Visitor: 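Quick one: the structure is below, and I'll ask about it shortly.
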Amino acid sequence: MNKYRTHTCGDLNLKHKGSEIALSGWINKKRDHGNLLFLDLRDNYGLTQCVIDKSNSIFKNLEKLPLETVIKVVGTVVERTKETINKNINTGEIEVLINKVEILGATKELPMPVFSDQEYAEEIRLKYRFLDLRRKKIHQNIILRSKVISFIRSEMQNLGFLEFQTPILTSSSPEGARDFLVPSRLNPGKFYALPQAPQQFKQLIMVSGFDKYFQIAPCFRDEDARADRSPGEFYQLDLEMSFVEQEDVFNIIEKLFVKLFRKFSNKKILNEIFTRITYSDAMLKYGTDKPDLRNPLQISDLTEIFKREDVKFEIFKKLVKSGCIVRCLVTKNTKEKPRSFFDGIDNWAKEQGSSGLAYFTLEKNDKISAKGPVGKFFSEESLKEIMNLSKAETGDTIFLSCGKKVEVEKLLGQARDKIADELKLIDENLFSFCWVVDYPMYELDEISKKIKFSHNPFSMPQGDLKNLDLSDPLNLKAYQYDIVCNGVELSSGAIRNHIPELMYKLFEIAGYSKTDVQQKFSGMINALSYGAPPHGGIAPGIDRIVMLLADEKNIREVTMFPMNQNAQDLMMNAPSSVSDEQLKELNINLKKKN
RNA sequence: GGGGGUGUAGCUCAGUUGGUUAGAGCACGUGCCUGUCACGCACGGGGCCGAGGGUUCGAGUCCCUUCACUCCCGCCA
């Protein structure tokens, strides 16, 4: 028998009544009655109440042990009387009568309590992450994460995918996020980059003939953090398949996700065949390419209304003449809402840096009229047309935004969330998935006015590849897709372009010469020239999936050792300075701070 | 890089129009208590009120600067 324990703190029940056992764990909580002491012992598996009274000579010493001391308890399992059974814990029918105790790990005074449901400042939690991770909620989240990853692994293997590792030290690529760089000692002045994703490698694996690949892959991007975005590093379920079309990828993911979300959450999945929305529809109706479909609010375009003679809203009409657009958001049956509700939304919009949201409520007495600050500008006929375009009815309120397309999309997209939140329109007990499809291949860079890739430059364009019309690149769509759940972007993916000649043409449009492409993407473009299979894939974010399953709003709640917003590890003190010798070896001189 | 929020005991927080010695709960220490499971009761130690400057007879409170954390924008193919 092991010298520390015969059972874990979650094991014991009435079957063990009368047996001599040993448990090891942390003192979770003490209840000291002076001559009788209850002591809850905790380990990864559960909680067991241990009890001792003053007749035992170690009683006095045990009383004084601080919470979170690690001890070994030797004692007898006894049945609790009916009145003292604790139904909240698995071991609640018994308790352990303490005979002997050994201190295995002493503790200093705790900088933060472990036994408490209280929320604590992030700073202290991250500095003492090992204490924080003992706490119930986050401990369970991390266990959930482990189980989710195991489940994904076994499902992927069942689906015929092979798991491979790809290099962590690789080359910097010109597209995408900022790279983390690693100086090379053997190649002075040169740098490795940590992979933003194993993008090129997974395509190379397809060219190598392995047919189906997956990996729980670490990805590194040196960009600023958000609540749902860890600074520095995160994990993707990276997968790639040969001889597939978009539908095949969707099929695999839908199967996997439905199984996964059913297994690890009690929430309902709204649509087991995931809704499909084109990128342009998503931007129009939801103002974002990651719409939360639990939210019933929709956006409609009303630009044409402001070209009518019988609409006198001069500010908007003038803006429309100069090329601006007008779109609206409709809230159902909000005629009884107080003025403060509408003004609150308007003020919020102004805080977002916009000129605000004009609004009116549709009413019907003899005829249809609009009530509200800007209601008087609209004729009955124009209101009927607005109702027709926006599917609004009397009693509904129309919120209007006018401006440049990107600004209107963004503001109304955010307003959709804000208003749904205020009106409590979101069913928190649902998972609502959608595919966003038909992304444009290119977009216009606002600053340089140059054409650039809107997503992955290796995506396959849609259309007849033999006679592809490249004269209007901004209208070219790609086999590029995103999967979104409850407004959280889980993944991007694409059918890849495996035809080198086509790739050169597409890169040329984005301003890369053939030589550029050969240099920057030499590994891949070379490989594609030696018999590459058509292939495609996707890479769902593991952290975000676990975040949804654990019902957390912050990714650090499902990450064991996260960094803070400034990309520092407060526990390990990373990043840190290094010695002059280390720098010298790497041929690096540091610039002095001014 | 920009905007918002927060910063008071080891931890979570209160602190009024600027006004005596800055409070509470948990934790810690001492004592009492034999059936608790957020045990209870009494007493106690513990504070550069994030830092610096200013206004004032007087600043935790008002003003300026700055730092830290956090949320958001930019950024994240």
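In the text below, chain A, chain B and the rest are named by the order of the sequence lines, each starting its count at 1. Everything numeric in this text was worked out from a predicted model, so none of it was measured.
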Visitor: What integer number of Å spans the P atoms of B:G5 and B:C37?
Guide: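 Pairwise P distance, B:G5 against B:C37, rounds to 43 Å.
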Visitor: Do A:Asp482 and A:Tyr439 have side-chain atoms, one donor and one acceptor, less than 3.5 Å apart?
Guide: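 Side-chain D/A pair, A:Asp482 to A:Tyr439: present.
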Visitor: What's the closest nucleotide to the A:Asn35 side chain, out of B:C69, B:C33, B:C37?
Guide: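 Ranking B:C69, B:C33, B:C37 by closest atom to the A:Asn35 side chain puts B:C33 first.
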Visitor: May I ask you to evaluate whether A:Asn28 reaches the phosphate of B:C37, defined as a side-chain N or O under 4.0 Å from OP1 or OP2?
Guide: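 False: A:Asn28 side-chain N/O out of range (4.0 Å or more) of B:C37 OP1/OP2.
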Visitor: Select from A:Pro111 and A:Gln199 the residue whose nearest nucleotide in RNA chain B is closer to the 5' end of that strand.
Guide: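 The residue closer to the strand's 5' end, by nearest nucleotide, is A:Pro111.
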Visitor: Does A:Ala227 or A:Arg544 map to a spot on RNA chain B nearer the 5' end, using the closest nucleotide for each?
Guide: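 The residue mapped nearer the 5' terminus is A:Ala227.
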Visitor: Look at the side-chain N and O atoms of A:Lys290 and state whether any lies under 4.0 Å from the OP1 or OP2 oxygen of B:C76.
Guide: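 No, outside the criterion.
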Visitor: Please pick, from B:C71, B:C73, B:U70, the nucleotide with the shortest atom-to-atom distance to any side-chain atom of A:Arg226.
Guide: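 Per side-chain heavy atoms of A:Arg226, the pick is B:C73.
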Visitor: Could you grab the distance from atom NZ of A:Lys30 to atom CG of A:Leu39, nearest 0.5 Å is fine?
Guide: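 CG of A:Leu39 is found 7.5 Å from NZ of A:Lys30.
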Visitor: Side chain of A:Glu63: nearest nucleotide among B:G10, B:C26, B:C33?
Guide: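 Of B:G10, B:C26, B:C33, B:C33 is nearest to the side chain of A:Glu63.
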Visitor: Of all the nucleotides listed (B:C28, B:G35, B:C75), which has the minimum atom distance to the side chain of A:Glu95?
Guide: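 Nearest to the side-chain atoms of A:Glu95, counting from C-beta on, is B:G35.
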Visitor: Minimum heavy-atom separation for A:Asp289 and A:Met283, please, with both atom names.
Guide: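 Here A:Asp289 and A:Met283 meet closest at N-SD, 3.6 Å.
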Visitor: Measuring only the P atom in each nucleotide, how far is B:C26 from B:G40? A whole number of Å is fine.
Guide: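 Going atom to atom, P in each nucleotide, I get 7 Å.
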Visitor: With a 4.0 Å limit, can you tell me whether A:Arg556 has a side-chain N or O closer than that to the phosphate oxygens OP1/OP2 of B:C69?
Guide: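 No, A:Arg556 has no side-chain N/O under 4.0 Å of OP1/OP2 on B:C69.
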Visitor: Could you work out the separation of B:G50 and B:A59 based on their P atoms and round it to a whole Å?
Guide: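 Straight-line distance between the two P atoms is 15 Å.
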Visitor: Only pairs with both distances under 3.5 Å count, Watson-Crick or wobble alike; so what is the partner of B:A24 in this structure?
Guide: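 Checking every strand shown, B:A24 finds its partner in B:U12, with both distances under 3.5 Å.
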Visitor: Measuring to OP1 and OP2 of B:U36, would you say a side-chain N or O of A:Asn86 lies under 4.0 angstrom away?
Guide: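 So the side chain of A:Asn86 is outside the cut-off, no N or O lying under 4.0 Å from OP1 or OP2 of B:U36.
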Visitor: Check this for me: does the side-chain of A:Glu123 come within 3.5 Å of the base of B:U70 through a donor and an acceptor?
Guide: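 By the distance-only test, no, there is no pair.
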Visitor: Go through B:G74, B:C76, B:C71 for me and flag the one nearest to the A:Lys410 side chain.
Guide: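 Nearest to the side-chain atoms of A:Lys410, counting from C-beta on, is B:G74.
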Visitor: For the pair A:Phe507 and A:Phe521, name the ring-plane relationship: parallel under 30°, tilted 30 to 60°, perpendicular over 60°.
Guide: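 Ring orientation of A:Phe507 relative to A:Phe521: tilted.
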Visitor: Would you check if there is a donor-acceptor pair between the side chains of A:Arg544 and A:Gln236 at a distance under 3.5 Å?
Guide: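 Side-chain D/A pair, A:Gln236 to A:Arg544: absent.
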Visitor: Counting only side-chain nitrogens and oxygens, does A:Gln414 get under 4.0 Å of the OP1 or OP2 atom of B:C72?
Guide: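 Looking at the OP1 and OP2 atoms of B:C72, neither is under 4.0 Å from any side-chain N or O of A:Gln414.
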Visitor: Closest approach to the side chain of A:Tyr120, judged atom by atom: which nucleotide of B:C75, B:U70, B:C11 is it?
Guide: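 Out of B:C75, B:U70, B:C11, the nucleotide with an atom closest to A:Tyr120's side chain is B:C11.
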Visitor: So, does the side chain of A:Arg80 form a donor-acceptor pair with the base of B:C37 at under 3.5 Å?
Guide: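 Result: at least one qualifying N/O pair found.
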Visitor: Measuring to OP1 and OP2 of B:G4, would you say a side-chain N or O of A:Lys350 lies under 4.0 angstrom away?
Guide: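 False: A:Lys350 side-chain N/O out of range (4.0 Å or more) of B:G4 OP1/OP2.
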Visitor: Tell me what A:Pro113 touches on the nucleic acid: a base, only sugar-phosphate, or nothing, going by heavy atoms under 4.0 Å.
Guide: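 Counting heavy atoms under 4.0 Å across all strands, the contact made by A:Pro113 is with sugar-phosphate only.
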Visitor: What I want to check is whether an N or O donor and acceptor connect the side chain of A:Arg229 with the base of B:C76 at under 3.5 Å.
Guide: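 Under the 3.5 Å cut-off, the side chain and the base do form a donor-acceptor pair.
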Visitor: Provide the distance between the two C1' atoms, one in B:G19 and one in B:C41, to the nearest whole Å.
Guide: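 Their C1' atoms lie roughly 36 Å apart.
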Visitor: Across all strands, who's sitting opposite B:G45 as a Watson-Crick or G-U wobble pair, both distances under 3.5 Å?
Guide: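 The base-pairing partner of B:G45, which may sit in any strand shown, does not exist here.
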Visitor: When both hydrogen-bonding distances must be under 3.5 Å and the geometry is Watson-Crick or G-U wobble, what is B:U34 paired with, if anything?
Guide: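 Here B:U34 is not engaged in any pair, so there is no nucleotide opposite it.
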Visitor: Does A:Thr559 reach the main-chain N or O of A:Pro562 with its side chain, forming a donor-acceptor pair under 3.5 Å?
Guide: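 A pair under 3.5 Å: no.
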